[in-house]
Visitor: 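If you scroll down you'll find the structure; I have some questions about it.
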Amino acid sequence: MTARTEETRNRGKHPSDEKLFSAKWHPALKEAVDDLEFLLERGYGSASALQLVGNRYRLNKRQQEAVLRMSASAQEAELRRLKACSPAALAGATVAIDGFNQLILLESILSGAYVFGCRDGTIRDISSVHGSYKRVVKTEDAARTIGEALQELRVAQVAWWLDAPISNSGRLKSFLRDIGQAYGYPWELELANNPDLVLAESDDIVITSDGWILDRADRWFNFGAYLVERQKVHPQLIRV
């Protein structure tokens with residue numbers, strides 16, 4: 001790797017997270033997820049349903065975001081599980097990665113942020129890029145964790161898809177390309193104006209935790225759960 005300025009940002013816990021996601025909140029979070037799923041299964045819009053549930057349990061914005069990320073209707077969860085590939089299916093295959101989705105998840109885990117076990121079996125964070133991505137202390141470690149795990153799974157080719165409209169996506173593309181070349185990872189880096197649609201229509205095995213993509217993709221691999229189950233990472237994981 002070429003020399004670069006050391007990143008000093010972190011994607012760890014918000015200062016209030018220890019309080020907001022402490023054990024005393026877990027029963028309320030569980031009931032909120034149950035209630036939200038109940039409303040979603042009966043046709044309520046996610047925004048209005050989340051507001052209703054959030055008000056009932058007096059959840060703040062970060063708690064509500066966690067509840068939304070953890071939720072999935074029973075039908076959604078079942079369909080997503082039916083399309084999930086086993087680790088063995090990745091040997092010799094090409095995978096398509098939802099780049100920001102997975103990189104930020106790993107950055108969050110490695111930075112000690114809380115992440116959440118979701119009803120569809122995925123693991124999700126509550127970070128977001130707000131239109132602009134900036135590398136953090138754990139970005140390179142996150143990329144290498146992804147690269148090493150996919151090598152162990154004997155993946156033949158990896159296509160990273162990044163959101164072109166997000167600021168600094170071009171810089172991240174170059175950064176990831178350098179890592180791939182330095183460590184011999186079989187990576188291709190692509191920018192797209194709508195990578196969600198590209199991934200949803202891909203013939204490759206998709207790696208994402210984005211529910212919209214999971215509902216539309218033909219095949220996907222639950223990479224975050226795999227990393228946790230195989231103890232490749234040790235997250236601050238909350239399940240309710």
Side-chain angles (χ1 to χ4, degrees), residues 1-7 9-11 85 87 89-111 122-125 127-214 216-224 226-227 232-233:
M1 297 288 293
T2 58
R4 60 183 177 83
T5 302
E6 180 62 31
E7 299 295 337
R9 305 178 191 90
N10 196 6
R11 212 176 295 281
C85 295
L90 273 68
T94 297
V95 300
I97 295 184
D98 188 354
F100 283 113
N101 176 278
Q102 291 297 288
L103 190 63
I104 291 171
L105 173 62
L106 266 294
E107 289 173 345
S108 299
I109 289 173
L110 296 176
S111 299
T122 62
I123 294 171
R124 296 188 175 98
D125 61 272
S127 299
S128 62
V129 296
H130 298 295
S132 178
Y133 174 85
K134 294 180 180 178
R135 297 206 310 265
V136 296
V137 174
K138 295 295 185 180
T139 300
E140 183 169 339
D141 290 343
R144 289 187 61 190
T145 297
I146 293 171
E148 290 169 6
L150 293 177
Q151 277 193 327
E152 291 181 11
L153 287 162
R154 296 186 291 125
V155 170
Q157 191 70 37
V158 180
W160 284 78
W161 287 93
L162 302 171
D163 303 65
I166 292 179
S167 178
N168 295 319
S169 58
R171 292 182 180 180
L172 179 61
K173 176 183 176 181
S174 298
F175 179 74
L176 292 173
R177 177 178 289 118
D178 288 347
I179 291 176
Q181 291 174 350
Y183 295 100
Y185 301 145
W187 289 358
E188 292 182 357
L189 283 300
E190 302 288 349
L191 296 177
N193 287 327
N194 189 353
D196 289 3
L197 184 60
V198 174
L199 291 162
E201 296 178 348
S202 176
D203 293 328
D204 301 324
I205 297 173
V206 173
I207 292 179
T208 187
S209 62
D210 185 300
W212 188 90
I213 299 172
L214 296 179
R216 291 160 177 80
D218 289 334
R219 301 179 297 164
W220 70 288
F221 180 62
N222 196 345
F223 190 57
Y226 170 84
L227 293 176
K232 305 293 185 183
V233 293

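Numbers for residues simply follow the sequence, beginning at 1. Heavy atoms only: backbone and side chains are in, while hydrogens, waters and symmetry mates are out.
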Visitor: Restricting to ring-ring contact (aromatic ring centres under 6.0 Å, His included), what partner residues turn up for W220, sequence neighbours left out?
Guide: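 Residues passing ring-ring contact (aromatic ring centres under 6.0 Å, His included) with W220: none at all.
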Visitor: What distance do L214 atom CG and T122 atom OG1 have between them, rounded to the nearest 0.5 Å?
Guide: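 Between atom CG of L214 and atom OG1 of T122 there are 7.0 Å.
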Visitor: Give the minimum heavy-atom separation between A89 and A93, together with the two atoms involved.
Guide: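 Smallest heavy-atom distance, with atoms named: O-CB, 3.7 Å.
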Visitor: Would you mind reporting whether I207 and I146 have side-chain heavy atoms less than 4.5 Å apart?
Guide: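 No, every pair of side-chain atoms sits at 4.5 Å or beyond.
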Visitor: Enter the distance from R177:CZ to L172:CG here, rounded to the nearest 0.5 Å.
Guide: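 The CZ atom of R177 sits 11.0 Å away from the CG atom of L172.
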Visitor: For the residue pair A217 and V206, what are the closest heavy atoms and their distance?
Guide: CB-CG2, 4.2 Å
Visitor: Does any pair with a residue in residues 149-173 pass ring-ring contact (aromatic ring centres under 6.0 Å, His included), and if so which ones, sequence neighbours excluded?
Guide: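 Only W160-W187 qualify under ring-ring contact (aromatic ring centres under 6.0 Å, His included).
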Visitor: A149: what forms a side-chain contact (heavy atoms from CB on, under 4.5 Å) with it, not counting sequence neighbours?
Guide: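 In terms of side-chain contact (heavy atoms from CB on, under 4.5 Å), with neighbours along the sequence ignored, A149 is linked to F223, L227.
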Visitor: Which salt bridge (charged side-chain N to carboxylate O under 4.0 Å, His left out) pairs, counting each pair once, include a residue from residues 147-172, with sequence neighbours left out?
Guide: R144-E148, E152-K232
Visitor: Under the side chain to side chain donor-acceptor pair (under 3.5 Å) rule, collect the residues that match up with R216, sequence neighbours excluded.
Guide: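 With neighbours one apart ignored, the set is empty.
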Visitor: Set out, in order, the CA-CA distance, both residues' side-chain angles and the distance that settles side chain to side chain contact (heavy atoms under 4.5 Å, CB included) for T145 and I109, then state yes or no.
Guide: CA-CA 11 Å; T145 297; I109 289 173; over 6 Å; no
Visitor: Which distance, rounded to the nearest 0.5 Å, do you find between the CG of L110 and the CD of E140?
Guide: 12.0 Å
Visitor: With sequence neighbours left out, what residues match N194 under side-chain contact (heavy atoms from CB on, under 4.5 Å)?
Guide: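 side-chain contact (heavy atoms from CB on, under 4.5 Å) check on N194 returns D196, L197.
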Visitor: Can you check whether L150 reaches Y185 side chain to side chain, under 4.5 Å on heavy atoms?
Guide: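 They are not in contact (no side-chain heavy atoms under 4.5 Å apart), so the answer is no.
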Visitor: What's the spacing between N222 CG and I123 CD1 if we round to 0.5 Å?
Guide: 7.0 Å
Visitor: Of all the heavy-atom pairs spanning G99 and L162, show the shortest one and how long it is.
Guide: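 Smallest heavy-atom distance, with atoms named: CA-CD2, 3.7 Å.
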Visitor: I need the minimum non-hydrogen distance between Q151 and Y183, along with the two atoms involved.
Guide: NE2-O, 4.1 Å
Visitor: Let me confirm one number: the CG-CG distance from L103 to L176, rounded to the nearest 0.5 Å.
Guide: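 So the CG of L103 and the CG of L176 are separated by 6.0 Å.
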Visitor: Residues two or more places apart in sequence or in another chain: which of them pass side-chain contact (heavy atoms from CB on, under 4.5 Å) with T94?
Guide: Q157, D204
Visitor: Please report the shortest heavy-atom distance between V198 and A192, naming the atom on each side.
Guide: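 So the two residues come closest at CG2-CB, 4.3 Å.
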Visitor: Could I get the full list of side chain to side chain donor-acceptor pair (under 3.5 Å) partners for S111, not counting sequence neighbours?
Guide: N10
Visitor: Which pair of non-hydrogen atoms, one from W212 and one from A200, has the smallest distance, and what is that distance?
Guide: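 Shortest heavy-atom separation between W212 and A200 comes out as CZ3-CB, 3.8 Å.
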Visitor: So, using salt bridge (charged side-chain N to carboxylate O under 4.0 Å, His left out) as the criterion, who are the partners of D141 when residues are at least two apart?
Guide: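 Salt bridge (charged side-chain N to carboxylate O under 4.0 Å, His left out) list for D141, sorted by chain: K138.
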Visitor: Taking side-chain hydrogen bond (donor to acceptor under 3.5 Å, both in side chains) as the cut-off, I'd like each qualifying pair that reaches into residues 97-108, sequence neighbours left out, listed once.
Guide: R11-E107, D98-T208, N101-S209, E107-Y133, E107-T139, S108-S127
Visitor: Can you sort out the partners of A164 under side-chain contact (heavy atoms from CB on, under 4.5 Å), two or more places apart, ordered by chain and number?
Guide: L191, N193
